[in-house]
Asker: 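I have a structure I would like to understand better, so I am pasting it below and will then ask my questions one at a time.
When a residue number appears, it is its place in the shown sequence, counting from 1. FYI, side chains are in, hydrogens and waters are out, and symmetry mates aren't considered; it's all heavy atoms of this structure. Start at 1 and go down the list; that is how both ligands and their atoms are numbered.
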Amino acid sequence: MNIQAILSDKISAAMLAAGAPEGSDALVRQSAKAQFGDYQANGVMGAAKKMGIPPRQLAEQIVSHLDLEGIATKVEIAGPGFINIFLEPTWIAEHTEKALVCPRLGVAPVKQETIVIDYSAPNVAKQMHVGHLRSTIIGDAAARTQEFIGHKVIRANHVGDWGTQFGMLIAYLEKVQNEDASDMALADLEEFYREAKKHYDQDEEFALRARGYVVKLQSGDEYCRKMWRKLVDITMQQNQETYRRLNVTLTEDDVMGESLYNSMLPGIVADLKAKGLAVESEGATVVFLDEFKNKEGEPMGVIVQKKDGGFLYTTTDIACAKYRYETLHADRSLYYIDSRQHQHLMQAWTIVRKAGYIPETMVLEHHMFGMMLGKDGKPFKTRSGGTVRLSDLLDEAIERAQNLIRTKNPDMTEDELVNVANVVGIGAVKYADLSKNRTTDYIFDWDNMLAFEGNTAPYMQYAYTRVASIFKKANVTESDLTLPISLQDPREIALATRLMQFEETILTVAREGTPHVMCAYLYELAGLFSGFYEHCPILSAENEEQRQSRLKLALLTQKTLKTGLETLGIETVERM
Ligand code: ARG
(Lines give C-alpha, C1' and ligand atoms only; values in the text may rest on other atoms or scores of the structure.)
Protein backbone atom coordinates (compact mmCIF):
# COMPACT_ATOMS: atom_id res chain seq x y z
CA MET A 1 0.00 0.00 0.00
CA ASN A 2 1.30 3.39 -0.98
CA ILE A 3 -0.60 5.99 1.05
CA GLN A 4 1.46 8.81 -0.36
CA ALA A 5 0.54 7.86 -3.93
CA ILE A 6 -3.15 7.38 -3.11
CA LEU A 7 -3.39 10.79 -1.45
CA SER A 8 -1.36 12.44 -4.23
CA ASP A 9 -3.79 11.16 -6.85
CA LYS A 10 -6.83 12.29 -4.92
CA ILE A 11 -5.48 15.72 -4.06
CA SER A 12 -4.10 16.33 -7.56
CA ALA A 13 -7.55 15.56 -8.97
CA ALA A 14 -9.14 17.98 -6.51
CA MET A 15 -6.57 20.62 -7.43
CA LEU A 16 -7.47 20.33 -11.11
CA ALA A 17 -11.16 20.52 -10.25
CA ALA A 18 -10.42 23.68 -8.27
CA GLY A 19 -8.89 25.23 -11.37
CA ALA A 20 -5.19 24.74 -10.61
CA PRO A 21 -2.96 24.55 -13.69
CA GLU A 22 -2.42 21.15 -15.32
CA GLY A 23 0.57 19.31 -13.84
CA SER A 24 0.48 21.09 -10.46
CA ASP A 25 2.14 18.86 -7.89
CA ALA A 26 0.20 18.33 -4.65
CA LEU A 27 3.53 17.64 -2.88
CA VAL A 28 2.09 15.15 -0.43
CA ARG A 29 4.49 14.27 2.36
CA GLN A 30 4.38 12.46 5.68
CA SER A 31 3.77 15.07 8.38
CA ALA A 32 6.64 15.72 10.71
CA LYS A 33 4.37 16.26 13.73
CA ALA A 34 1.20 14.45 14.82
CA GLN A 35 -0.62 17.78 15.24
CA PHE A 36 -0.34 18.26 11.45
CA GLY A 37 -2.02 14.93 10.81
CA ASP A 38 -0.46 11.91 9.14
CA TYR A 39 0.19 13.53 5.77
CA GLN A 40 0.22 17.03 4.44
CA ALA A 41 -0.08 18.55 0.99
CA ASN A 42 2.41 21.35 0.48
CA GLY A 43 1.68 22.15 -3.16
CA VAL A 44 -1.18 24.60 -2.72
CA MET A 45 0.95 27.70 -2.24
CA GLY A 46 2.87 27.13 -5.46
CA ALA A 47 -0.29 26.55 -7.48
CA ALA A 48 -2.05 29.59 -5.96
CA LYS A 49 0.90 31.76 -6.87
CA LYS A 50 0.66 30.66 -10.51
CA MET A 51 -3.08 31.38 -10.47
CA GLY A 52 -2.67 34.71 -8.67
CA ILE A 53 -5.17 33.94 -5.91
CA PRO A 54 -4.76 33.70 -2.11
CA PRO A 55 -3.50 30.20 -1.20
CA ARG A 56 -6.01 29.65 1.58
CA GLN A 57 -8.81 30.39 -0.83
CA LEU A 58 -7.46 27.78 -3.24
CA ALA A 59 -6.98 25.35 -0.35
CA GLU A 60 -10.65 25.73 0.57
CA GLN A 61 -11.73 25.05 -3.01
CA ILE A 62 -9.48 22.01 -3.21
CA VAL A 63 -10.86 20.62 0.04
CA SER A 64 -14.42 21.14 -1.20
CA HIS A 65 -13.57 18.96 -4.22
CA LEU A 66 -11.62 16.42 -2.20
CA ASP A 67 -13.28 13.11 -1.56
CA LEU A 68 -11.44 11.15 1.12
CA GLU A 69 -14.47 9.25 2.32
CA GLY A 70 -13.33 6.18 4.23
CA ILE A 71 -9.68 7.26 4.00
CA ALA A 72 -9.44 10.26 6.28
CA THR A 73 -11.25 11.22 9.47
CA LYS A 74 -10.35 14.87 9.15
CA VAL A 75 -8.91 17.27 6.56
CA GLU A 76 -7.64 20.60 7.83
CA ILE A 77 -6.27 23.76 6.27
CA ALA A 78 -3.35 25.13 8.22
CA GLY A 79 -0.98 28.10 8.10
CA PRO A 80 -0.61 29.81 4.72
CA GLY A 81 -2.38 26.95 2.88
CA PHE A 82 -1.18 23.54 3.91
CA ILE A 83 -3.71 20.73 3.80
CA ASN A 84 -3.34 18.32 6.72
CA ILE A 85 -4.80 14.86 6.49
CA PHE A 86 -5.71 12.64 9.40
CA LEU A 87 -6.10 9.01 8.34
CA GLU A 88 -9.01 6.76 9.17
CA PRO A 89 -7.88 3.88 11.44
CA THR A 90 -10.32 1.36 9.92
CA TRP A 91 -8.81 2.07 6.50
CA ILE A 92 -5.31 1.47 7.87
CA ALA A 93 -6.52 -1.70 9.60
CA GLU A 94 -8.01 -3.05 6.39
CA HIS A 95 -4.73 -2.55 4.52
CA THR A 96 -2.64 -3.92 7.37
CA GLU A 97 -4.72 -7.05 7.07
CA LYS A 98 -3.96 -7.25 3.34
CA ALA A 99 -0.23 -6.71 3.78
CA LEU A 100 -0.14 -9.64 6.14
CA VAL A 101 -1.42 -12.10 3.56
CA CYS A 102 -0.02 -10.63 0.33
CA PRO A 103 3.38 -11.71 -0.97
CA ARG A 104 6.16 -9.15 -0.48
CA LEU A 105 4.17 -7.37 2.26
CA GLY A 106 1.71 -6.19 -0.35
CA VAL A 107 4.20 -4.00 -2.20
CA ALA A 108 2.88 -3.67 -5.75
CA PRO A 109 5.46 -4.46 -8.45
CA VAL A 110 6.60 -1.40 -10.40
CA LYS A 111 6.72 -1.15 -14.18
CA GLN A 112 9.76 -3.26 -14.86
CA GLU A 113 12.97 -1.66 -16.07
CA THR A 114 16.37 -3.18 -16.69
CA ILE A 115 18.79 -1.65 -14.24
CA VAL A 116 22.54 -2.22 -14.37
CA ILE A 117 24.20 -1.76 -11.00
CA ASP A 118 27.93 -1.18 -11.12
CA TYR A 119 29.45 -1.98 -7.76
CA SER A 120 32.32 -3.51 -5.80
CA ALA A 121 34.84 -3.38 -8.69
CA PRO A 122 38.06 -4.46 -6.98
CA ASN A 123 41.34 -4.62 -8.88
CA VAL A 124 43.14 -7.74 -10.03
CA ALA A 125 46.21 -8.89 -8.13
CA LYS A 126 45.28 -6.60 -5.32
CA GLN A 127 43.61 -7.47 -2.09
CA MET A 128 40.16 -5.95 -1.72
CA HIS A 129 40.43 -3.25 0.92
CA VAL A 130 38.05 -1.10 2.93
CA GLY A 131 37.77 1.39 0.08
CA HIS A 132 35.87 -1.26 -1.87
CA LEU A 133 33.76 -2.10 1.13
CA ARG A 134 31.33 0.80 0.83
CA SER A 135 30.72 0.19 -2.86
CA THR A 136 30.14 -3.50 -2.24
CA ILE A 137 27.77 -3.05 0.69
CA ILE A 138 25.76 -0.10 -0.59
CA GLY A 139 25.65 -1.40 -4.16
CA ASP A 140 24.41 -4.78 -3.02
CA ALA A 141 21.63 -3.19 -0.96
CA ALA A 142 20.66 -1.21 -4.04
CA ALA A 143 20.55 -4.35 -6.17
CA ARG A 144 18.39 -6.18 -3.64
CA THR A 145 16.06 -3.20 -3.29
CA GLN A 146 15.55 -2.70 -7.03
CA GLU A 147 14.87 -6.40 -7.43
CA PHE A 148 12.42 -6.42 -4.54
CA ILE A 149 10.24 -3.75 -6.13
CA GLY A 150 10.20 -5.68 -9.40
CA HIS A 151 13.01 -4.44 -11.62
CA LYS A 152 15.33 -6.64 -13.62
CA VAL A 153 18.77 -6.09 -12.11
CA ILE A 154 22.06 -6.81 -13.86
CA ARG A 155 24.96 -6.75 -11.44
CA ALA A 156 28.12 -5.47 -13.09
CA ASN A 157 31.40 -5.97 -11.30
CA HIS A 158 33.66 -3.58 -13.21
CA VAL A 159 36.84 -5.27 -12.06
CA GLY A 160 40.15 -3.53 -12.79
CA ASP A 161 41.56 -6.36 -14.89
CA TRP A 162 43.45 -4.44 -17.53
CA GLY A 163 46.32 -1.99 -17.83
CA THR A 164 50.05 -1.76 -18.21
CA GLN A 165 50.70 -3.18 -14.73
CA PHE A 166 49.90 -6.64 -16.11
CA GLY A 167 53.26 -6.83 -17.86
CA MET A 168 55.01 -6.61 -14.53
CA LEU A 169 52.53 -8.96 -12.85
CA ILE A 170 52.94 -11.61 -15.54
CA ALA A 171 56.72 -11.33 -15.40
CA TYR A 172 56.61 -11.78 -11.66
CA LEU A 173 54.17 -14.67 -11.77
CA GLU A 174 56.49 -16.35 -14.23
CA LYS A 175 59.41 -15.79 -11.87
CA VAL A 176 57.71 -17.26 -8.81
CA GLN A 177 56.39 -20.18 -10.83
CA ASN A 178 59.91 -20.98 -11.97
CA GLU A 179 61.18 -20.85 -8.43
CA ASP A 180 58.33 -22.70 -6.80
CA ALA A 181 55.72 -24.73 -8.64
CA SER A 182 52.98 -23.99 -6.09
CA ASP A 183 50.91 -20.83 -6.28
CA MET A 184 51.47 -19.95 -2.65
CA ALA A 185 52.85 -16.56 -3.58
CA LEU A 186 49.40 -15.55 -4.75
CA ALA A 187 47.76 -16.28 -1.43
CA ASP A 188 48.78 -12.81 -0.37
CA LEU A 189 47.99 -10.59 -3.32
CA GLU A 190 49.05 -7.36 -1.69
CA GLU A 191 52.49 -8.80 -1.05
CA PHE A 192 52.59 -10.24 -4.56
CA TYR A 193 51.87 -6.84 -6.09
CA ARG A 194 54.45 -5.12 -3.93
CA GLU A 195 57.15 -7.65 -4.86
CA ALA A 196 56.32 -7.38 -8.55
CA LYS A 197 56.62 -3.61 -8.35
CA LYS A 198 59.91 -3.87 -6.48
CA HIS A 199 61.40 -6.04 -9.18
CA TYR A 200 60.07 -3.76 -11.86
CA ASP A 201 61.64 -0.70 -10.25
CA GLN A 202 64.96 -2.30 -9.38
CA ASP A 203 65.70 -4.91 -12.03
CA GLU A 204 66.36 -3.51 -15.49
CA GLU A 205 66.09 -6.86 -17.23
CA PHE A 206 62.83 -7.69 -15.44
CA ALA A 207 61.35 -4.33 -16.42
CA LEU A 208 62.28 -4.91 -20.04
CA ARG A 209 60.58 -8.32 -20.04
CA ALA A 210 57.53 -6.82 -18.32
CA ARG A 211 57.14 -4.14 -20.98
CA GLY A 212 57.40 -6.79 -23.65
CA TYR A 213 54.61 -8.74 -22.00
CA VAL A 214 52.29 -5.75 -22.04
CA VAL A 215 52.56 -5.54 -25.80
CA LYS A 216 52.20 -9.31 -26.19
CA LEU A 217 49.17 -9.43 -23.90
CA GLN A 218 47.48 -6.67 -25.85
CA SER A 219 48.06 -8.45 -29.13
CA GLY A 220 46.48 -11.61 -27.74
CA ASP A 221 49.60 -13.74 -27.24
CA GLU A 222 48.50 -17.10 -25.90
CA TYR A 223 51.07 -17.48 -23.13
CA CYS A 224 50.44 -13.98 -21.78
CA ARG A 225 46.68 -14.47 -21.97
CA LYS A 226 47.02 -17.65 -19.93
CA MET A 227 49.13 -15.99 -17.26
CA TRP A 228 46.74 -13.02 -17.16
CA ARG A 229 43.75 -15.36 -16.79
CA LYS A 230 45.43 -17.02 -13.86
CA LEU A 231 45.92 -13.71 -12.08
CA VAL A 232 42.30 -12.76 -12.68
CA ASP A 233 40.94 -16.12 -11.55
CA ILE A 234 42.91 -16.27 -8.34
CA THR A 235 41.96 -12.71 -7.43
CA MET A 236 38.30 -13.32 -8.13
CA GLN A 237 38.28 -16.56 -6.16
CA GLN A 238 39.53 -14.65 -3.16
CA ASN A 239 37.02 -11.87 -3.70
CA GLN A 240 34.23 -14.38 -4.10
CA GLU A 241 35.09 -15.70 -0.64
CA THR A 242 34.78 -12.16 0.73
CA TYR A 243 31.38 -11.76 -0.94
CA ARG A 244 30.23 -15.01 0.59
CA ARG A 245 31.32 -13.90 4.05
CA LEU A 246 29.66 -10.52 3.57
CA ASN A 247 26.42 -12.09 2.31
CA VAL A 248 26.78 -10.11 -0.88
CA THR A 249 24.92 -11.40 -3.94
CA LEU A 250 27.70 -10.98 -6.51
CA THR A 251 28.75 -14.15 -8.35
CA GLU A 252 31.52 -15.07 -10.82
CA ASP A 253 29.02 -14.45 -13.61
CA ASP A 254 28.68 -10.81 -12.66
CA VAL A 255 32.28 -9.99 -13.52
CA MET A 256 32.34 -7.50 -16.39
CA GLY A 257 35.85 -6.22 -16.03
CA GLU A 258 37.56 -3.46 -17.95
CA SER A 259 39.01 -6.00 -20.39
CA LEU A 260 35.53 -6.80 -21.66
CA TYR A 261 35.50 -3.49 -23.53
CA ASN A 262 38.95 -3.74 -25.14
CA SER A 263 37.71 -4.69 -28.56
CA MET A 264 35.36 -1.68 -28.64
CA LEU A 265 38.01 0.92 -27.91
CA PRO A 266 39.70 1.46 -31.31
CA GLY A 267 36.28 1.80 -32.95
CA ILE A 268 35.14 4.34 -30.40
CA VAL A 269 38.22 6.50 -30.83
CA ALA A 270 37.86 6.35 -34.62
CA ASP A 271 34.18 7.23 -34.35
CA LEU A 272 34.81 10.16 -32.00
CA LYS A 273 37.31 11.46 -34.53
CA ALA A 274 34.91 11.00 -37.42
CA LYS A 275 32.23 12.86 -35.49
CA GLY A 276 34.66 15.72 -34.97
CA LEU A 277 34.56 15.28 -31.20
CA ALA A 278 38.11 13.98 -30.81
CA VAL A 279 41.19 15.65 -32.23
CA GLU A 280 44.94 14.98 -32.32
CA SER A 281 46.77 16.98 -29.72
CA GLU A 282 50.48 16.55 -29.07
CA GLY A 283 50.33 13.03 -30.44
CA ALA A 284 47.44 11.94 -28.25
CA THR A 285 43.75 11.80 -29.17
CA VAL A 286 41.76 14.23 -27.06
CA VAL A 287 38.15 15.35 -26.63
CA PHE A 288 37.87 18.98 -25.52
CA LEU A 289 34.84 19.61 -23.38
CA ASP A 290 33.35 23.08 -22.87
CA GLU A 291 31.44 21.75 -19.90
CA PHE A 292 34.65 21.34 -17.91
CA LYS A 293 37.27 24.02 -17.51
CA ASN A 294 40.93 23.58 -16.69
CA LYS A 295 42.86 25.87 -14.37
CA GLU A 296 43.29 28.42 -17.13
CA GLY A 297 39.55 28.51 -17.70
CA GLU A 298 39.84 26.76 -21.06
CA PRO A 299 37.83 23.72 -22.18
CA MET A 300 39.27 20.67 -20.53
CA GLY A 301 40.94 18.05 -22.67
CA VAL A 302 40.06 14.43 -21.96
CA ILE A 303 42.55 11.98 -23.43
CA VAL A 304 40.90 8.96 -25.02
CA GLN A 305 44.05 7.50 -26.57
CA LYS A 306 47.61 8.08 -25.46
CA LYS A 307 50.55 8.90 -27.67
CA ASP A 308 51.79 5.30 -27.39
CA GLY A 309 48.41 4.00 -28.59
CA GLY A 310 47.18 2.95 -25.14
CA PHE A 311 43.60 3.59 -24.08
CA LEU A 312 42.48 5.01 -20.76
CA TYR A 313 40.07 4.42 -17.90
CA THR A 314 37.77 7.06 -19.45
CA THR A 315 37.74 5.39 -22.86
CA THR A 316 36.70 2.17 -21.15
CA ASP A 317 33.85 3.87 -19.30
CA ILE A 318 32.62 5.38 -22.57
CA ALA A 319 32.53 1.90 -24.12
CA CYS A 320 31.00 0.49 -20.96
CA ALA A 321 27.98 2.84 -21.05
CA LYS A 322 27.50 2.06 -24.74
CA TYR A 323 27.65 -1.67 -24.03
CA ARG A 324 25.14 -1.41 -21.23
CA TYR A 325 22.71 0.12 -23.66
CA GLU A 326 23.41 -1.94 -26.77
CA THR A 327 24.05 -5.35 -25.27
CA LEU A 328 22.43 -5.29 -21.85
CA HIS A 329 19.47 -3.12 -22.95
CA ALA A 330 19.62 -1.10 -19.77
CA ASP A 331 17.04 1.56 -19.01
CA ARG A 332 19.14 2.79 -16.11
CA SER A 333 22.75 2.30 -15.14
CA LEU A 334 23.68 3.14 -11.56
CA TYR A 335 27.31 3.47 -10.52
CA TYR A 336 28.31 2.94 -6.90
CA ILE A 337 31.74 4.53 -6.90
CA ASP A 338 33.38 6.88 -4.45
CA SER A 339 32.97 10.60 -4.95
CA ARG A 340 36.55 11.14 -6.07
CA GLN A 341 35.68 9.57 -9.40
CA HIS A 342 32.75 11.93 -10.02
CA GLN A 343 34.51 14.17 -12.51
CA HIS A 344 35.86 11.16 -14.37
CA LEU A 345 32.36 9.74 -14.80
CA MET A 346 30.81 13.06 -15.78
CA GLN A 347 33.43 13.50 -18.50
CA ALA A 348 32.95 10.00 -19.85
CA TRP A 349 29.17 10.43 -19.90
CA THR A 350 29.32 13.87 -21.49
CA ILE A 351 31.24 12.26 -24.34
CA VAL A 352 28.78 9.34 -24.46
CA ARG A 353 25.85 11.76 -24.78
CA LYS A 354 27.55 13.99 -27.35
CA ALA A 355 28.43 11.00 -29.49
CA GLY A 356 24.86 9.76 -29.16
CA TYR A 357 25.89 6.29 -27.99
CA ILE A 358 22.84 5.92 -25.79
CA PRO A 359 19.32 7.29 -26.16
CA GLU A 360 18.44 10.40 -24.19
CA THR A 361 15.94 8.40 -22.16
CA MET A 362 18.59 6.10 -20.73
CA VAL A 363 19.52 7.16 -17.22
CA LEU A 364 23.12 7.20 -16.01
CA GLU A 365 23.48 8.01 -12.35
CA HIS A 366 26.50 8.23 -10.10
CA HIS A 367 25.39 7.16 -6.64
CA MET A 368 28.53 8.33 -5.02
CA PHE A 369 29.74 7.95 -1.50
CA GLY A 370 32.33 9.51 0.77
CA MET A 371 35.41 8.00 2.31
CA MET A 372 35.66 5.68 5.24
CA LEU A 373 37.54 7.42 8.02
CA GLY A 374 39.04 6.23 11.29
CA LYS A 375 37.99 7.56 14.67
CA ASP A 376 40.64 10.26 14.31
CA GLY A 377 38.87 11.58 11.22
CA LYS A 378 41.71 10.52 8.94
CA PRO A 379 41.49 7.83 6.24
CA PHE A 380 40.91 4.46 7.87
CA LYS A 381 44.28 2.72 8.40
CA THR A 382 45.82 -0.03 10.51
CA ARG A 383 47.68 0.97 13.66
CA SER A 384 50.94 0.82 11.72
CA GLY A 385 49.49 3.03 8.98
CA GLY A 386 48.85 0.38 6.32
CA THR A 387 45.62 -0.17 4.41
CA VAL A 388 43.20 -2.36 6.31
CA ARG A 389 42.44 -5.63 4.60
CA LEU A 390 38.82 -6.46 4.30
CA SER A 391 39.28 -10.05 5.48
CA ASP A 392 41.08 -8.90 8.64
CA LEU A 393 38.36 -6.39 9.31
CA LEU A 394 35.64 -9.04 9.01
CA ASP A 395 37.58 -11.41 11.30
CA GLU A 396 37.74 -8.69 13.91
CA ALA A 397 34.04 -7.88 13.57
CA ILE A 398 33.07 -11.49 14.18
CA GLU A 399 35.45 -11.87 17.08
CA ARG A 400 34.12 -8.75 18.77
CA ALA A 401 30.54 -9.88 18.20
CA GLN A 402 31.36 -13.27 19.63
CA ASN A 403 32.66 -11.78 22.89
CA LEU A 404 29.59 -9.62 23.13
CA ILE A 405 27.09 -12.40 22.48
CA ARG A 406 28.88 -14.77 24.83
CA THR A 407 28.58 -12.33 27.75
CA LYS A 408 24.92 -11.78 27.02
CA ASN A 409 24.12 -15.47 26.53
CA PRO A 410 26.44 -17.49 28.74
CA ASP A 411 24.63 -20.75 28.06
CA MET A 412 24.42 -20.58 24.29
CA THR A 413 25.95 -23.62 22.58
CA GLU A 414 29.20 -23.07 20.71
CA ASP A 415 27.58 -23.78 17.32
CA GLU A 416 24.81 -21.29 17.84
CA LEU A 417 27.25 -18.73 19.20
CA VAL A 418 29.39 -18.98 16.08
CA ASN A 419 26.38 -18.51 13.84
CA VAL A 420 24.91 -15.60 15.81
CA ALA A 421 28.31 -13.87 16.08
CA ASN A 422 28.71 -14.14 12.35
CA VAL A 423 25.31 -12.66 11.61
CA VAL A 424 25.75 -9.87 14.17
CA GLY A 425 29.40 -9.07 13.36
CA ILE A 426 28.92 -8.88 9.60
CA GLY A 427 25.56 -7.19 10.08
CA ALA A 428 27.17 -4.53 12.26
CA VAL A 429 29.82 -3.65 9.69
CA LYS A 430 27.26 -3.46 6.90
CA TYR A 431 24.56 -1.65 8.84
CA ALA A 432 26.99 0.98 10.13
CA ASP A 433 27.75 1.87 6.56
CA LEU A 434 24.20 1.61 5.24
CA SER A 435 22.63 3.68 8.00
CA LYS A 436 24.66 6.81 7.22
CA ASN A 437 23.84 9.14 4.38
CA ARG A 438 26.18 7.69 1.77
CA THR A 439 27.29 11.02 0.33
CA THR A 440 29.24 11.99 3.44
CA ASP A 441 32.49 10.54 4.73
CA TYR A 442 31.87 8.04 7.44
CA ILE A 443 33.69 7.27 10.66
CA PHE A 444 34.36 3.64 11.32
CA ASP A 445 33.93 2.98 15.02
CA TRP A 446 33.69 -0.53 16.47
CA ASP A 447 31.99 0.48 19.71
CA ASN A 448 29.25 2.42 17.94
CA MET A 449 28.47 -0.22 15.38
CA LEU A 450 28.29 -3.04 17.91
CA ALA A 451 26.18 -1.18 20.46
CA PHE A 452 22.87 -2.76 21.40
CA GLU A 453 21.31 0.68 21.69
CA GLY A 454 20.64 3.11 18.87
CA ASN A 455 20.40 2.73 15.12
CA THR A 456 22.71 -0.29 14.85
CA ALA A 457 22.51 -3.81 13.48
CA PRO A 458 22.59 -5.49 16.91
CA TYR A 459 19.71 -3.31 18.07
CA MET A 460 17.65 -4.07 14.97
CA GLN A 461 18.46 -7.76 15.07
CA TYR A 462 17.61 -7.89 18.76
CA ALA A 463 14.33 -6.06 18.16
CA TYR A 464 13.51 -8.72 15.60
CA THR A 465 14.19 -11.56 18.07
CA ARG A 466 11.94 -9.90 20.65
CA VAL A 467 8.99 -9.82 18.28
CA ALA A 468 9.71 -13.36 17.18
CA SER A 469 9.77 -14.57 20.81
CA ILE A 470 6.24 -13.31 21.40
CA PHE A 471 4.97 -15.94 19.05
CA LYS A 472 6.87 -18.63 20.83
CA LYS A 473 5.37 -17.51 24.13
CA ALA A 474 1.87 -17.19 22.71
CA ASN A 475 2.29 -20.61 21.13
CA VAL A 476 0.38 -19.58 18.02
CA THR A 477 1.20 -19.56 14.34
CA GLU A 478 -0.03 -17.26 11.62
CA SER A 479 -2.84 -19.59 10.57
CA ASP A 480 -4.33 -19.49 14.08
CA LEU A 481 -5.04 -15.78 13.69
CA THR A 482 -8.52 -15.62 12.17
CA LEU A 483 -10.04 -12.54 13.82
CA PRO A 484 -9.69 -9.11 12.19
CA ILE A 485 -7.30 -6.32 13.11
CA SER A 486 -8.95 -3.52 15.01
CA LEU A 487 -6.99 -0.40 15.89
CA GLN A 488 -8.06 1.31 19.14
CA ASP A 489 -5.11 2.50 21.17
CA PRO A 490 -3.13 5.42 19.66
CA ARG A 491 -0.02 3.22 19.81
CA GLU A 492 -1.69 0.54 17.74
CA ILE A 493 -2.68 3.16 15.21
CA ALA A 494 0.79 4.68 15.09
CA LEU A 495 2.43 1.28 14.63
CA ALA A 496 0.03 0.16 11.91
CA THR A 497 0.35 3.47 10.05
CA ARG A 498 4.13 3.17 10.07
CA LEU A 499 3.86 -0.42 8.87
CA MET A 500 1.78 0.84 5.96
CA GLN A 501 4.61 3.18 4.98
CA PHE A 502 6.98 0.38 4.02
CA GLU A 503 6.12 0.66 0.33
CA GLU A 504 6.68 4.38 0.03
CA THR A 505 9.92 3.99 1.98
CA ILE A 506 11.33 1.32 -0.30
CA LEU A 507 10.31 3.29 -3.39
CA THR A 508 12.24 6.29 -2.08
CA VAL A 509 15.26 4.12 -1.34
CA ALA A 510 15.10 2.67 -4.86
CA ARG A 511 14.65 6.04 -6.54
CA GLU A 512 17.41 7.81 -4.67
CA GLY A 513 19.72 4.93 -3.84
CA THR A 514 19.65 5.88 -0.17
CA PRO A 515 19.63 2.79 2.06
CA HIS A 516 19.92 4.99 5.16
CA VAL A 517 16.28 5.92 4.60
CA MET A 518 15.34 2.25 5.01
CA CYS A 519 17.51 1.98 8.15
CA ALA A 520 15.84 5.04 9.66
CA TYR A 521 12.41 3.62 8.85
CA LEU A 522 13.15 0.25 10.44
CA TYR A 523 14.69 1.90 13.48
CA GLU A 524 11.63 4.03 13.99
CA LEU A 525 9.39 1.04 13.46
CA ALA A 526 11.26 -0.90 16.14
CA GLY A 527 10.80 2.05 18.50
CA LEU A 528 7.06 2.25 17.81
CA PHE A 529 6.80 -1.45 18.42
CA SER A 530 8.47 -1.08 21.82
CA GLY A 531 5.98 1.60 22.80
CA PHE A 532 3.11 -0.53 21.61
CA TYR A 533 4.39 -3.64 23.39
CA GLU A 534 4.80 -1.82 26.69
CA HIS A 535 1.38 -0.23 26.69
CA CYS A 536 -0.77 -2.72 24.85
CA PRO A 537 -0.66 -6.13 26.55
CA ILE A 538 -0.71 -8.90 23.99
CA LEU A 539 -0.75 -12.17 25.86
CA SER A 540 -2.93 -10.76 28.61
CA ALA A 541 -5.19 -8.78 26.29
CA GLU A 542 -8.74 -8.03 27.43
CA ASN A 543 -10.31 -10.49 25.06
CA GLU A 544 -9.51 -12.89 22.26
CA GLU A 545 -10.27 -10.33 19.53
CA GLN A 546 -7.83 -7.85 20.96
CA ARG A 547 -5.24 -10.55 21.52
CA GLN A 548 -5.37 -11.70 17.91
CA SER A 549 -5.42 -8.19 16.52
CA ARG A 550 -2.30 -7.33 18.50
CA LEU A 551 -0.61 -10.57 17.55
CA LYS A 552 -1.24 -9.69 13.92
CA LEU A 553 0.40 -6.30 14.38
CA ALA A 554 3.37 -8.03 16.00
CA LEU A 555 3.52 -10.51 13.15
CA LEU A 556 3.52 -7.83 10.48
CA THR A 557 6.18 -5.93 12.42
CA GLN A 558 8.30 -9.07 12.50
CA LYS A 559 7.86 -9.63 8.76
CA THR A 560 8.56 -6.01 7.95
CA LEU A 561 11.74 -5.90 10.02
CA LYS A 562 12.98 -9.11 8.42
CA THR A 563 12.09 -8.06 4.88
CA GLY A 564 13.50 -4.57 5.34
CA LEU A 565 16.76 -5.94 6.69
CA GLU A 566 16.87 -8.44 3.83
CA THR A 567 16.66 -5.66 1.25
CA LEU A 568 19.73 -4.22 2.96
CA GLY A 569 21.53 -7.56 2.93
CA ILE A 570 21.38 -7.93 6.74
CA GLU A 571 20.48 -11.31 8.20
CA THR A 572 18.48 -12.07 11.32
CA VAL A 573 18.54 -14.85 13.94
CA GLU A 574 15.71 -16.17 16.07
CA ARG A 575 17.42 -15.38 19.38
CA MET A 576 20.51 -13.61 20.62
N1 ARG B 1 38.21 -0.54 -10.20
C2 ARG B 1 37.92 0.83 -9.92
C3 ARG B 1 38.64 1.24 -8.62
O4 ARG B 1 39.05 0.39 -7.84
C5 ARG B 1 36.43 1.11 -9.77
C6 ARG B 1 35.60 0.87 -11.01
C7 ARG B 1 34.24 1.52 -10.92
N8 ARG B 1 33.37 1.35 -12.06
C9 ARG B 1 33.48 1.99 -13.25
N10 ARG B 1 32.59 1.74 -14.18
N11 ARG B 1 34.42 2.88 -13.46
O12 ARG B 1 38.78 2.43 -8.39
Asker: Quick one: side chains of residues 282-292, donor-acceptor pairs under 3.5 Å with protein atoms, not counting sequence neighbours, listed by atom name and distance.
Answerer:
unit_1	atom_1	unit_2	atom_2	d
E291	OE1	K354	NZ	3.2
E291	OE2	K354	NZ	3.2

Asker: Decide, yes or no, whether a salt bridge links E396 with R400 under the criterion of side-chain N to carboxylate O below 4.0 Å.
Answerer: yes
Asker: Tell me, which pairs form a ring pair (Phe, Tyr, Trp, His ring centres under 6.0 Å) where one or both residues lie in residues 230-267, sequence neighbours left out?
Answerer: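 Checked against ring pair (Phe, Tyr, Trp, His ring centres under 6.0 Å) - neighbours excluded - the pairs reaching residues 230-267 are H158-Y261, Y261-Y323.
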Asker: If you count only heavy atoms, which residues are under 4.0 Å from ligand 1?
Answerer: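 If the criterion is a heavy atom under 4.0 Å, then ligand 1 touches D118, A121, N123, H132, H158, Y313, D317, Y335, I337, Q341.
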Asker: Just checking H367 against Y336, ring centres under 6.0 Å apart?
Answerer: yes
Asker: Just verifying a value: how many Å separate I405 CD1 and M576 CE, rounded to the nearest 0.5 Å?
Answerer: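 Going from the CD1 atom of I405 to the CE atom of M576 covers 4.5 Å.
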Asker: Under the salt bridge (Lys or Arg N to Asp or Glu O under 4.0 Å) definition, can you give me all pairs with a residue in residues 339-348, not counting sequence neighbours?
Answerer: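 Qualifying pairs: D338-R340.
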